[in-house]
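Residue numbers run from 1 in the order of the sequence given. In listed order, ligands and their atoms are each counted from 1.
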Amino acid sequence: MKVGIIGSGGREHALCEAISKSKKISKIYCFPGNAGTQKTAENINIDIDNFETLKDFVISQNIELIIVGPEKPLVEGIVDFFEKNNILIFGPNKFASQLEGSKIFTKKICEKYKIPTAKFGIFEKIDEAKLFVKDKKFPLVVKADGLASGKGVYICENKEIAEKAIEEIFNGKFGQAKNILLEEFLEGEEMSYFIISDGKNVKKFQTAQDHKRVSEGDVGKNTGGMGAYSPSRLINNDLDKKILDKIIFPTLDALKDMNCEYKGFLYAGLMIVKNEPYLIEYNVRMGDPECQTILPKLKTDLLEVILGCAKKKLDEIKIEWHDKNSLCIVLCSKGYPDKYQKNILINNLDKIILSSNQKIYHAGTKNENNNILSNGGRVLNFVNLSNSFKEARDNNIQMINKINWPEGFYRKDIGHKVIKE
Ligand code: AMP
Ligand code: GLY
């Protein structure tokens with residue numbers, strides 16, 4: 001079978017590698033991919049925003065299944081487009097993707113279906129929003145409605161900061177803003193919770209904890225994710241049941257009530273407060289770096305799982321996992337998440353011999369004349385499976401030291417909440 005994977009990050013390299021192990025696979029194409037995906041797939045440098053060109057290529061190569069990594073094409077309706085052209089594609093359609101594409105869409109579902117989430121208000125006018133924050137308790141969370149690459153969220157410590165955030169959003173910092181979301185700040189610990197669904201059946205797809213802040217001790221700017229560990233230390237049977245019964249199932253029921261079936265990965269960003277889950281946000285895809293952290297634990301053929309979804313037979317697939325802890329550290333370009341340089345040579349990658357419990361997934365890399373050059377803020381993902389999170393982290397750090405890339409930096413404290421020093 002020929003499969004196409006859309007995206008170019010660490011998540012897509014992990015998807016690509018997992019799919020490449022399937023007995024069913026004959027060829028993988030990655031649109032546009034990176035220096036890592038090139039090892040198991042053919043990278044095709046095509047504009048993924050142009051669905052028409054993508055479709056022409058897919059048809060010309062007889063690609064039978066498309067797997068979508070990032071949110072943007074999903075939110076823009078790539079699934080509807082390919083389905084209309086009778087091409088098998090894995091991911092939620094445009095309507096369902098509003099769960100990530102519009103925070104207000106999700107909040108309204110939460111309200112109607114009594115899904116636990118932070119208390120909120122939606123405002124269409126700048127003056128009304130400012131009036132609302134006047135006598136509120138701080139911190140207060142101010143959010144732009146649409147996709148903002150993780151940047152449209154402000155945790156505001158006082159009224160002045162909240163007013164500035166409101167102004168920035170209404171002035172179009174994240175695109176034209178018709179409205180704004182103001183939210184109560186939830187004090188707790190975050191957890192990423194994943195399921196996979198074929199529209200009818202739902203299966204759990206592990207938990208993880210991301211580390212979004214750039215610096216050790218969870219301080220500094222927000223990033224796409226500096227590292228993760230799986231499973232989250234917070235998960236237990238009671239909490240798991242609450243997440244499914246109070247959050248996941250009511251959300252899927254809400255979509256069904258709107259004549260929409262959810263197909264694909266669904267990622268709930270949760271705040272856990274005293275063993276009670278609250279929904280912070282939905283993402284309609286796997287997380288990055290959670291995907292890189294979770295997939296090495298998967299025993300079952302990922303392609304079988306995805307095909308099971310496409311055929312609405314997920315109930316017939318048993319998803320099995322290695323009983324190991326996984327920890328991922330992201331090596332970034334110095335300066336990230338602000339300005340950083342690109343095109344810097346990364347030596348020594350070929351000196352690392354990986355055991356079956358180790359992975360290096362590329363993210364912002366490219367291959368020029370057999371040289372690996374940096375090409376983004378998050379550059380490489382180091383993953384280790386082990387019985388102990390500490391050992392997994394130590395092994396990752398050893399691998400990063402072997403690469404010895406002077407232009408990179410990483411957090412040495414990934415998993416600090418679960419690793420007792
Ligand atoms: P989001 O893009 O909605 O995931 O928000 C980015 C980050 O802001 C989250 O990962 C949380 O760390 C934080 N955050 C968002 N909403 C809240 C909230 N209501 N209470 C506390 N922290 C929040
Ligand atoms: N790890 C955060 C995200 O994928 O959105």
Side-chain angles (χ1 to χ4, degrees), residues 7 9-12 14-15 68-72 74-75 97 99-107 110 115-122 136-157 162 165 169 174 180-194 205-214 218-230 232 265-273 276-295 328-330 332 337 361 363 377-378 381 411 414 417:
R11 169 182 50 214
E12 286 74 26
L15 287 167
V68 191
E71 62 277 14
K72 190 163 170 276
L74 292 168
V75 170
S97 297
L99 285 178
E100 178 163 1
S102 166
K103 291 183 193 297
I104 291 177
F105 174 83
T106 300
K107 278 294 198 188
C110 290
I115 295 169
T117 186
K119 291 195 191 82
F120 66 98
I122 298 164
K136 284 287 165 298
K137 227 174 73 197
F138 289 90
L140 188 102
V141 187
V142 178
K143 295 184 177 182
D145 182 35
L147 286 186
S149 310
K151 294 194 186 93
V153 175
Y154 298 75
I155 313 282
C156 305
E157 294 298 334
I169 291 173
F174 307 100
I180 200 167
L181 185 63
L182 304 184
E183 224 177 81
E184 156 204 33
F185 179 81
L186 290 173
E187 190 96 52
E189 197 170 316
E190 283 181 68
M191 178 169 106
S192 305
Y193 189 93
F194 299 90
F205 210 79
Q206 296 286 328
T207 61
Q209 177 158 34
D210 190 8
H211 298 62
K212 288 211 172 92
R213 302 298 194 94
V214 70
D218 294 324
V219 296
K221 289 201 166 159
N222 252 332
T223 68
M226 300 294 294
Y229 73 84
S230 171
S232 157
F265 289 116
L266 179 63
Y267 158 3
L270 304 172
M271 189 67 86
I272 311 299
V273 186
E276 285 297 328
Y278 291 82
L279 180 71
I280 293 188
E281 60 159 1
Y282 271 126
N283 298 305
V284 294
R285 51 176 172 82
M286 274 307 283
D288 182 336
E290 290 97 326
C291 185
Q292 301 90 299
T293 315
I294 288 173
L295 280 187
C328 168
I329 302 182
V330 184
C332 301
Y361 295 121
R378 292 191 291 171
N381 303 267
R411 277 183 59 171
I414 300 300
K417 288 204 169 106

Is the closest side-chain donor-acceptor distance between Y282 and E100 under 3.5 Å? no

Which of the atoms of ligand 2 are close to [X], meaning less than 4.0 Å from one of its heavy atoms?
X: R285; answer: 3 (C), 4 (O), 5 (O)
X: G287; answer: 4 (O)
X: D210; answer: 1 (N), 2 (C)
X: G224; answer: 1 (N), 2 (C)

Quick one: look at L186 and ligand 1, take heavy-atom pairs under 4.0 Å, and tell me if it's side chain, backbone, both or neither. both

Any heavy atom of E190 under 4.0 Å from ligand 2? The part involved is neither

Which is it for E290 and ligand 2 at heavy atoms under 4.0 Å: side chain, backbone, both or neither? side chain

I'd like to know whether V153 forms a side chain to side chain contact (heavy atoms under 4.5 Å, CB included) with E281, so could you lay out the CA-CA distance, the side-chain angles of the two residues, the decisive distance to 0.1 Å, and finally the verdict. CA-CA 11 Å; V153 175; E281 60 159 1; over 6 Å; no

For E183 and F120, run side chain to side chain contact (heavy atoms under 4.5 Å, CB included): C-alpha distance rounded to whole Å, both residues' side-chain angles, the deciding distance at 0.1 Å, then the answer. CA-CA 4 Å; E183 224 177 81; F120 66 98; 4.1 Å; yes

Residue-ligand contact E187/ligand 1, heavy atom below 4.0 Å: no

Checking the side chain of Q209 only, and the main-chain atoms of E190 only, is there a donor and an acceptor separated by less than 3.5 Å?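 Yes.
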
So if I count the atoms of ligand 1 from 1 in the order they appear, which ones are less than 4.0 Å from some heavy atom of [X]?
X: M271; value: 21 (C), 22 (N)
X: K212; value: 10 (O)
X: K143; value: 3 (O), 15 (C), 16 (N)
X: A118; value: 19 (N)
X: I280; value: 3 (O), 15 (C), 16 (N)

Dump the intermediate steps for side chain to side chain contact (heavy atoms under 4.5 Å, CB included) on V330 and Y361, then the final yes or no. CA-CA 9 Å; V330 184; Y361 295 121; over 6 Å; no

How are the rings of Y267 and F194 set to each other: parallel, tilted or perpendicular (split at 30° and 60°)? tilted

Identity of the nearest option to atom 14 (N) of ligand 1, non-hydrogen atoms only, from T117, I155, L270: I155

Shortest reach to atom 10 (O) of ligand 1 by a heavy atom, considering only E190, R213, K119, E183: E190

For the atom pair CZ (R285) and CZ (R11), what is the distance rounded to the nearest 0.5 Å?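 If we round to the nearest 0.5 Å, R285:CZ and R11:CZ are 5.0 Å apart.
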
Hey, what do you get for CD1 (I272) to CD (E189), rounding to the nearest 0.5 Å?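 If we round to the nearest 0.5 Å, I272:CD1 and E189:CD are 8.5 Å apart.
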
Purely on distance, is any nitrogen or oxygen of E184 under 3.5 Å from one on ligand 1? yes

Show the numbers, then the answer: is there a side chain to side chain contact (heavy atoms under 4.5 Å, CB included) between D145 and K107? CA-CA 10 Å; D145 182 35; K107 278 294 198 188; over 6 Å; no

State which residue, out of R411, R213, H211, fulfils the side chain to side chain donor-acceptor pair (under 3.5 Å) condition with D218.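 Among R411, R213, H211, the one meeting side chain to side chain donor-acceptor pair (under 3.5 Å) with D218 is R411.
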
Can you tell me if NZ on K136 sees more than 12 non-hydrogen neighbours from other groups inside 6.0 Å?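 Buried by this count: over 12 neighbours within 6.0 Å.
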
Does ligand 2 come near enough to D288 that some N or O of the ligand is less than 3.5 Å from an N or O of the residue? yes

